[in-house]
Amino acid sequence: MGNKKVYAVILVIVLVVAAAGAYFAFSSSDDSYRSSNTDGRLAVLGNADENDYLDSKDIDVINDMIENGKYSQMADANNDGVVNDADAKMVQEIIDLKKYNEGKADSEKKSMTVNYISVDNKVLSAEIPVLKIVILNSQRSLSLAIAINAGDNIVALNDYIYTYWDENLFKNYKDLPTVGDRKEPSLEEILKTDADTIYAGSETKYGVNIQGNTLGDKQVLRLVTYEDGRLADGALMLGFFTDHDEDAQKYVKWMDDLTSKINDKLNKIEDKDKTRFYVGTPTYMYAGLDGVSTALSASGATNIGNLIVTDPTKAGASTSEYIEDILKCNPQYIIGGKYIYTHQSESEIKAVYDSMDFSKFAITDGYVNNEIYMINYDLPFCIHTLIGSTIFFPEAFSVAELEDTIKDYLSQFCETNGYEFNMYNFVYFPAD
């Protein structure tokens, strides 16, 4: 593929200095922010109006349903199949508990059991608040916990997270014990910890050897994180369970604001779907459920993986299995998703980029025009949407705006330990 270099000018800047006046830099100091989103992102039963908050308005909705003989699962706080006064009472108890626990030491907090919809779309029960966590999930879960200031709740990790370790962003957690494999962890090691909760993902992928939703004195919390790009859902849910509601709402506000600004620009671009791209690795094509695939597709460009793998519940497929279909779709842009770490030098990142052998794509427009990129898989999905938009529609999005956004994210929601910003740690551009 010839010599490749960083296209953007690399600004080396200490991250404690925020980019003043950046177009995509946000101040999330508005503590009164109330999201208008009603997609049920906070999937706790009792959230009857299905917004991002559990408050008195949910009780109003429940009372209205009682009066009019209506039912919804989200209004059925106690999950008994009917909406009645008991649900309104339970929501009030949750609100009162949250208020009582504010500012309290862990030993002084009161607890209660709530019902929620898991990542597997099942109604499960769990106790709030969650105080100490074992993570049986990907490194995205660790990044998410850090972003909402719940990092102090974590007492153990799994081997997968240590395999994909960022020495700068995760340095504060390097001495935490591991409980082994995330899919089939050591139950003995989990039981040794003082955690009250095992923070896991889908029951088919994480902690599959745990029977039911408890292990000894520990509960299993199965939350969405990356699936379908639902990072905001994951933040709100983890924030609710760990009493970091406001921190989660600040993070979600930042993501919502960024998404809104991106969409404002995208809405002015015509025929976005005529722009075709491939995202994945040389051996695996991302589609459907994969979070990065979903985020790049949100740019409006056509992800050819979604044309080829039409089942939206699948996250992708083998490239070799569908190579003829890929060539027929002729992607104009090829984007390799990789785990890129902030401690890696430009030469190390370039070596990874050069190792991505997309030669089987040689007849596509993307390969011929050297429109081959590598993006950091671990960024929030709204930033992936911005990366895709910057690549696909450079007339509307600038690299400088992208840089400012990533810096703002690192400054507000990461523990960077003095990291000096380098663009190639997040997206690697081909030569001119």
Side-chain angles (χ1 to χ4, degrees), residues 118-120 130-148 150-227 231 234 237-238 241-242 280-281 283-284 286 289-292 315-316 337-344 348-349 352 355 376-380 414-417 419 425:
S118 75
V119 63
D120 299 304
V130 165
L131 303 177
K132 295 185 178 182
I133 297 171
V134 172
I135 295 185
L136 285 188
N137 212 316
S138 71
Q139 69 276 23
R140 279 197 182 277
S141 299
L142 177 56
S143 295
L144 185 59
I146 293 169
I148 67 169
D152 288 344
N153 296 72
I154 300 168
V155 299
L157 303 173
N158 64 77
D159 290 345
Y160 184 87
I161 293 177
Y162 278 112
T163 300
Y164 294 100
W165 192 255
D166 190 305
E167 292 180 7
N168 287 313
L169 304 187
F170 299 155
K171 185 177 181 180
N172 295 341
Y173 306 87
K174 64 183 177 63
D175 295 326
L176 290 180
T178 178
V179 295
D181 182 63
R182 61 177 178 165
K183 184 174 184 178
E184 295 190 26
S186 167
L187 304 186
E188 181 180 359
E189 292 301 318
I190 293 177
L191 289 170
K192 286 180 182 178
T193 71
D194 62 349
D196 55 74
T197 299
I198 301 166
Y199 171 24
S202 172
E203 61 189 24
T204 64
K205 296 181 180 180
Y206 306 98
V208 300
N209 54 338
I210 299 175
Q211 299 299 314
N213 292 303
T214 59
L215 178 66
D217 61 348
K218 308 177 196 311
Q219 64 181 352
V220 181
L221 198 60
R222 295 195 176 276
L223 302 182
V224 65
T225 48
Y226 64 86
E227 296 82 0
L231 198 63
M237 291 293 284
L238 187 61
F241 278 101
T242 60
T281 67
T283 59
Y284 196 78
Y286 301 157
L289 277 177
D290 179 84
V292 174
K338 289 285 187 180
Y339 294 107
I340 310 172
Y341 310 111
T342 62
H343 56 269
Q344 291 181 315
E348 289 172 321
I349 297 294
V352 176
S355 71
N376 189 323
Y377 196 88
D378 279 341
L379 287 166
C414 298
E415 298 172 2
T416 53
N417 293 289
Y419 165 67
N425 287 143

### Message
If the threshold is 4.0 Å, N to carboxylate O, is there a salt bridge linking Asp196 and Lys132?
### Response
no
### Task
State yes or no: are the ring centers of Tyr377 and Tyr286 separated by less than 6.0 Å?
yes
### Main-chain N/O of Gly201 paired with Arg222 side-chain donor or acceptor, under 3.5 Å
yes
### Message
I'd like to know whether Leu142 forms a side chain to side chain contact (heavy atoms under 4.5 Å, CB included) with Ile161, so could you lay out the CA-CA distance, the side-chain angles of the two residues, the decisive distance to 0.1 Å, and finally the verdict.
### Response
CA-CA 8 Å; Leu142 177 56; Ile161 293 177; 3.9 Å; yes
### Query
Can you tell me how far CG of Leu136 sits from CD of Glu184, rounded to the nearest 0.5 angstrom?
11.5 Å
### Task
Locate the shortest heavy-atom distance separating Ala200 from Tyr206; write the atom from each residue and the value.
CB-CB, 4.2 Å
### Task
Enter the distance from Thr163:OG1 to Gln139:CD here, rounded to the nearest 0.5 Å.
9.0 Å
### Message
Looking at Asn137, is its backbone amide N or carbonyl O close enough to the side chain of Ser141 to form a donor-acceptor pair, meaning the two atoms are under 3.5 Å apart?
### Response
no
### Task
May I ask you to decide if the ring planes of Tyr160 and Tyr339 are parallel, tilted or perpendicular, using 30° and 60° as cut-offs?
perpendicular
### Summary
Nearest heavy-atom contact between Glu189 and Lys192 is OE2-NZ, 3.1 Å
### Task
Measure the shortest side-chain to side-chain distance between Ile135 and Arg182 over non-hydrogen atoms and say whether it is less than 4.5 angstrom.
no
### Message
Applying ring pair (Phe, Tyr, Trp, His ring centres under 6.0 Å), can you list everything that pairs with Phe170, at least two apart in sequence or on another chain?
### Response
Trp165
### Task
Supply the atom-to-atom distance Leu238 CG to Thr225 OG1, rounded to the nearest 0.5 angstrom.
10.0 Å
### Summary
Closest heavy-atom pair, Asp166 versus Asn168, reported as atoms and distance to 0.1 Å, is OD1-N, 3.0 Å
### Query
If you take all heavy atoms of Glu167 and His343, which pair is closest and at what distance?
N-ND1, 3.1 Å
### Message
To the nearest 0.5 Å, what is the distance between CG on Asp378 and CD1 on Ile340?
### Response
9.5 Å
### Query
What's the spacing between Ser202 OG and Lys183 NZ if we round to 0.5 Å?
10.0 Å
### Query
What is the minimum heavy-atom distance between Cys414 and Leu169, and which atoms define it?
CB-CD2, 4.2 Å
Atom pairs and distances, side-chain donor-acceptor, residues 207-218, under 3.5 Å, sequence neighbours left out:
residue: Asn209; atom: ND2; partner: Pro185; partner atom: O; Å: 2.9
residue: Lys218; atom: NZ; partner: Thr193; partner atom: O; Å: 2.8
residue: Lys218; atom: NZ; partner: Ala195; partner atom: O; Å: 2.9

### Query
Do Arg140 and Tyr226 meet the cation-pi criteria used here (NZ or CZ under 6.0 Å from the six-membered ring centre, within 45° of the axis)?
no
### Task
Side-chain contact test, heavy atoms from C-beta onward, threshold under 4.5 Å: evaluate it for Ile198 versus Ile190 and give yes or no.
yes
### Query
Can you check whether Glu203's main-chain N or O pairs, donor with acceptor, with Asp120's side chain at less than 3.5 Å?
yes
### Inter-residue atom distance Leu144.CG - Leu223.CG, 0.5 Å rounding
9.0 Å
### Task
With Thr242 as reference, evaluate Asp152, Ile154, Ile133 under the side-chain contact (heavy atoms from CB on, under 4.5 Å) test and give the passing residue.
Ile133
### Task
Output, in order, the C-alpha distance, side-chain angles, deciding distance and verdict of side chain to side chain contact (heavy atoms under 4.5 Å, CB included) for Leu176 and Tyr162.
CA-CA 10 Å; Leu176 290 180; Tyr162 278 112; 3.6 Å; yes
### Message
Whether the side chain of Asn425 engages the backbone of Tyr341 through a donor-acceptor N/O pair (distance < 3.5 Å, no angle test) should be reported.
### Response
yes
### Task
Would you check if the side chain of Asn158 reaches a backbone N or O of Asp181 as a donor-acceptor pair within less than 3.5 Å?
no
